[in-house]
Amino acid sequence: MTAKKFNFSGVPKMGFIQVPDEEGRGLPFYDSAAGYGFITETCSLPPREVHLPQLATDGTGVTIREAEFMAEAGFEADHFNRYGLAFRIAAEPGAYEVRVRTTCPAEEAYIAVSAMHAERLLALQGAAWDAAQLVKVGTAPIVQNREWIFSYVNGREFIDIELEPKHLNAPVGLESIELIPLPENRRPEGELPVIYLLGDSTVKTYTFDEAPMSAWGQVVHRMFHRDKVKVINYSMGGRSFKNSYWEGRFNDILMTGRRGDYLFIQFGHNDESLDEYRRFGRGSTEEAYERYIREVYLPAIRARGMHPVFVTAMSRAPGDAAEGHVYTCSFVNRKFPDIMRRMGQELNVPVLDLNEASIRYYNQIGVEAVTAIVMSIEAGETPGKTNDGTYANGHPANKVDGTHYKEALSKQFARLVVTELYKGAVSGDTRIGEPASWLTEEVKTAVTSEDWSAIFPEMAVDTTTGRGAYYRNQIEKLLQLGILDKDSSGCFHPEAPITVSAFSTALAKAVDLSPELFSAYRDGLLTREIMGVLLDDAYHAKFAETPQFMTDYNGRTLLPGDPGYDPNLDTGVQGLTYYPLVPYEKLLDTHLLSPEYAAKIKDAYELGLFRSEKGIARGRLANGLELEPFQIVTREKAAKALYFMWVLQQPVKGENHVIPDEQ
């Protein structure tokens, strides 16, 4: 590849193609034979109109003024057009440094490459791609006076340089454009290869403020040898093929990655969005979905010497499924998994079929178990939050969210992904032989034997299907952390009672306190009253300051553009706060409390540590009216309270898949 340089001013520049030419013969339309020219529609899907008749030359460059802009009412941030101009340059797939020099100060114009989002690109400087702010942006435009510089990986056979005015009737224009080819990124000796993950909220890495929501992309790294490969997750909620491209996320992976690295891509859920005709929407028609794969993603990945791997999107699980429901593929209107399978076969890309595997797993464990480990939330289950407020009183959207899911399911999806990977390699698919070889020996054995007990020792025999799976997520996390335990047969016994000593020992472990703190309480079967007192004692011993989960932070409404905002999540009750919906004075049975414990129980309740269990249900924003102080606490209800306390002490922006050897 050679550099391509274009001069639009009246002063010739050495090594630049003059536009208009030296004879002054007007402004050229794009001609593939010539390899450059102005266009009337950009390469965006669908195409964006730009203007040619308004173009003018004044010696400083090619300029344009716009007398009107377009913006769709109610969607001004997603669908607008300031028109302006676009210049197309024939350029084979690969990486380029794009240098645009303007006739006006660069900050007076919106400058973008090939349908990317000019404003979003400018916001990338110093930002991060993930919720925990650990995956830093490596590629953002540099704007200096009248120059805009950006490193871009092209997948098409051309590059569009787009220039839009920020203000009506204000002239903006091009003085020059340079496309300078960039070399491949080759891995230095001793540097580990990387598997990059690119997907949506079902792949991203979640933080504790979003607990218990999880995704397979944040736990799959445990399946690989840490001394053989790194796994870096670029996924984020609300993303699709379309917006992961236009916001620069995909481009950053390609600029950061090395020759020989792998990119696992899973898109489909947000591509279903019915905003496919908006300029900066996230949805795609089936045709556009295919074109993003064929024309944008694959040529760019391969031009950088990286290896693509497709992962079909898991099926959504209907939250209202009744007992006996048979799960089938949720992609019925736009059959994106089918397209990804077909494109993989046609374009020689390995496909890990998580969509089909997810359906098999749902039907294997049954409706009760599936509903328990998708985002089904009841009061008192977690102090985490969604876009519009806390989950502490139940799901604010009054629904069981079958798209998103808890860590108990994210681990199983990770299992299914690596199973597809390893079995494919063993069957002779050399395209994935290398990443399959990086799996740990324990994982390879688990795939072959179909015995995953060594990988997931926290799984209990009696909490994976049926009624016993109701609190599977909490139980598995506490077993994983060594806070609770199973018996010799691998059973947890979720409906068995728990003792005061067993609970207080577990509570001390959960919040890192000395068990001596609870030594004054007589052993015996744990009642809800004593559990509330123990929780209150633990809270005051642990927290010198109010945990952030309890502050206004947990009631603040997130808006589009805010870190952590996920447009794929349904909005619920605006600004809903953490604290119980039912005031303590409205409870019906507080007169039953033992006098010596009443003050602590009231405090624990008002702190949200101890809530009514009567009258609540998953998928409902509801609090009960009775504390039932002398009800015996079962092991699963103890797990619910312990998990809540464990989350409460965590940093809200810490990654929430933490296990002992990763703390």
Side-chain angles (χ1 to χ4, degrees), residues 93-95 128-130 132 134-139 151 153 155 182-199 203-205 215-235 244 249-266 297-311 344 347-352 354 413-447 455 655 657 661-662:
W129 294 114
D130 64 320
L134 298 178
V135 181
K136 301 298 184 183
V137 170
T139 308
S151 295
V153 182
L182 296 173
E184 287 183 341
N185 275 350
R186 292 190 175 272
R187 188 180 307 120
E189 188 70 28
E191 184 178 286
L192 290 177
V194 177
I195 295 174
Y196 292 94
L197 307 179
L198 181 61
V203 190
K204 70 166 272 192
T205 298
W216 69 262
Q218 74 182 95
V219 297
V220 75
H221 66 279
R222 298 176 190 160
M223 309 286 188
F224 293 91
H225 278 291
R226 296 184 187 181
D227 59 351
K228 292 184 179 180
V229 66
K230 292 197 299 184
V231 179
I232 301 178
N233 193 0
Y234 268 73
S235 306
S244 286
R249 186 177 299 267
F250 172 61
N251 186 70
D252 196 65
I253 292 175
L254 299 187
M255 286 304 306
T256 303
R258 311 286 194 182
R259 167 172 277 280
D261 287 343
Y262 287 79
L263 177 54
F264 286 40
I265 304 172
Q266 179 204 291
Y297 277 71
L298 286 188
I301 294 168
R302 286 169 167 160
R304 294 299 277 168
M306 298 173 70
H307 305 296
V309 177
F310 289 158
V311 182
L347 301 173
N348 193 29
V349 180
V351 179
L352 309 181
L354 181 57
F413 284 152
R415 171 181 68 83
L416 296 174
V417 168
V418 299
T419 296
E420 290 277 304
L421 178 67
Y422 188 65
K423 285 187 173 180
V426 168
S427 67
D429 191 341
T430 58
R431 300 168 300 177
I432 52 177
E434 188 173 41
S437 74
W438 297 329
L439 293 167
T440 67
E441 295 309 312
E442 293 81 4
V443 167
K444 295 174 186 176
T445 299
V447 173
I455 308 300
E655 294 182 344
H657 56 275
D661 66 345
E662 293 177 342

If you look at every heavy atom in [X] and [Y], which pair is closest and at what distance?
X: E420; Y: V351; answer: OE1-O, 4.4 Å
X: S244; Y: L198; answer: OG-CD1, 4.2 Å
X: G199; Y: S235; answer: N-OG, 2.8 Å
X: V219; Y: A414; answer: CG2-CB, 3.8 Å
X: P299; Y: P93; answer: O-CB, 3.9 Å
X: G433; Y: A425; answer: CA-CB, 4.0 Å

Once rounded to the nearest 0.5 Å, what's the spacing between atom [atom1] of [X] and atom [atom2] of [Y]?
X: I265; Y: Y234; atom1: CD1; atom2: OH; answer: 13.5 Å
X: H307; Y: R259; atom1: NE2; atom2: CZ; answer: 7.5 Å
X: L254; Y: N185; atom1: CG; atom2: CG; answer: 10.0 Å
X: H225; Y: E441; atom1: NE2; atom2: CD; answer: 5.0 Å
X: Y196; Y: D252; atom1: OH; atom2: CG; answer: 9.0 Å
X: R258; Y: R186; atom1: CZ; atom2: CZ; answer: 11.5 Å

With heavy-atom distances below 4.5 Å as the criterion, would you say the side chains of [X] and [Y] are in contact?
X: I253; Y: M306; answer: yes
X: V418; Y: Y422; answer: no
X: H221; Y: L197; answer: no
X: V153; Y: N251; answer: yes
X: L421; Y: M223; answer: no
X: W216; Y: V203; answer: yes
X: I195; Y: P435; answer: yes
X: I455; Y: V443; answer: yes

Q: Let me see the working for L134 and E655 under side chain to side chain contact (heavy atoms under 4.5 Å, CB included), right down to the final yes or no.
A: CA-CA 10 Å; L134 298 178; E655 294 182 344; 3.4 Å; yes
Practice problem: Starting from the C-alpha separation in whole Å, work towards a yes-or-no answer on side chain to side chain contact (heavy atoms under 4.5 Å, CB included) for V349 and R302. | Solution: CA-CA 11 Å; V349 180; R302 286 169 167 160; 3.5 Å; yes
Side-chain donor-acceptor pair present, D130, T205, cut-off under 3.5 Å
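No, T205 and D130 have no side-chain donor paired with an acceptor closer than 3.5 Å.
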Any salt bridge between R187 and D261, counting N to O under 4.0 Å?
->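 The answer is yes: the pair qualifies as a salt bridge.
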TODO: Mark yes when over 12 heavy atoms from residues, nucleotides or ligands other than K230 sit less than 6.0 Å from its NZ; otherwise mark no.
DONE: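 No, NZ of K230 has 12 or fewer neighbouring heavy atoms, counting only those of other groups under 6.0 Å.
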Going by the side chain to side chain donor-acceptor pair (under 3.5 Å) test, which pairs reach into residues 425-436, not counting sequence neighbours?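 Listed once each, the pairs are Y262-E434, N348-R431, D429-R431.
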Option passing side chain to side chain contact (heavy atoms under 4.5 Å, CB included) with F310 (candidates L298, L354, L352, L347):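 Checked L298, L354, L352, L347 against F310; only one passes side chain to side chain contact (heavy atoms under 4.5 Å, CB included): L298.
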Excluding sequence neighbours, so at least two apart, what forms ring-ring contact (aromatic ring centres under 6.0 Å, His included) with Y297?
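Partners of Y297 under the ring-ring contact (aromatic ring centres under 6.0 Å, His included) test: F241, F250.
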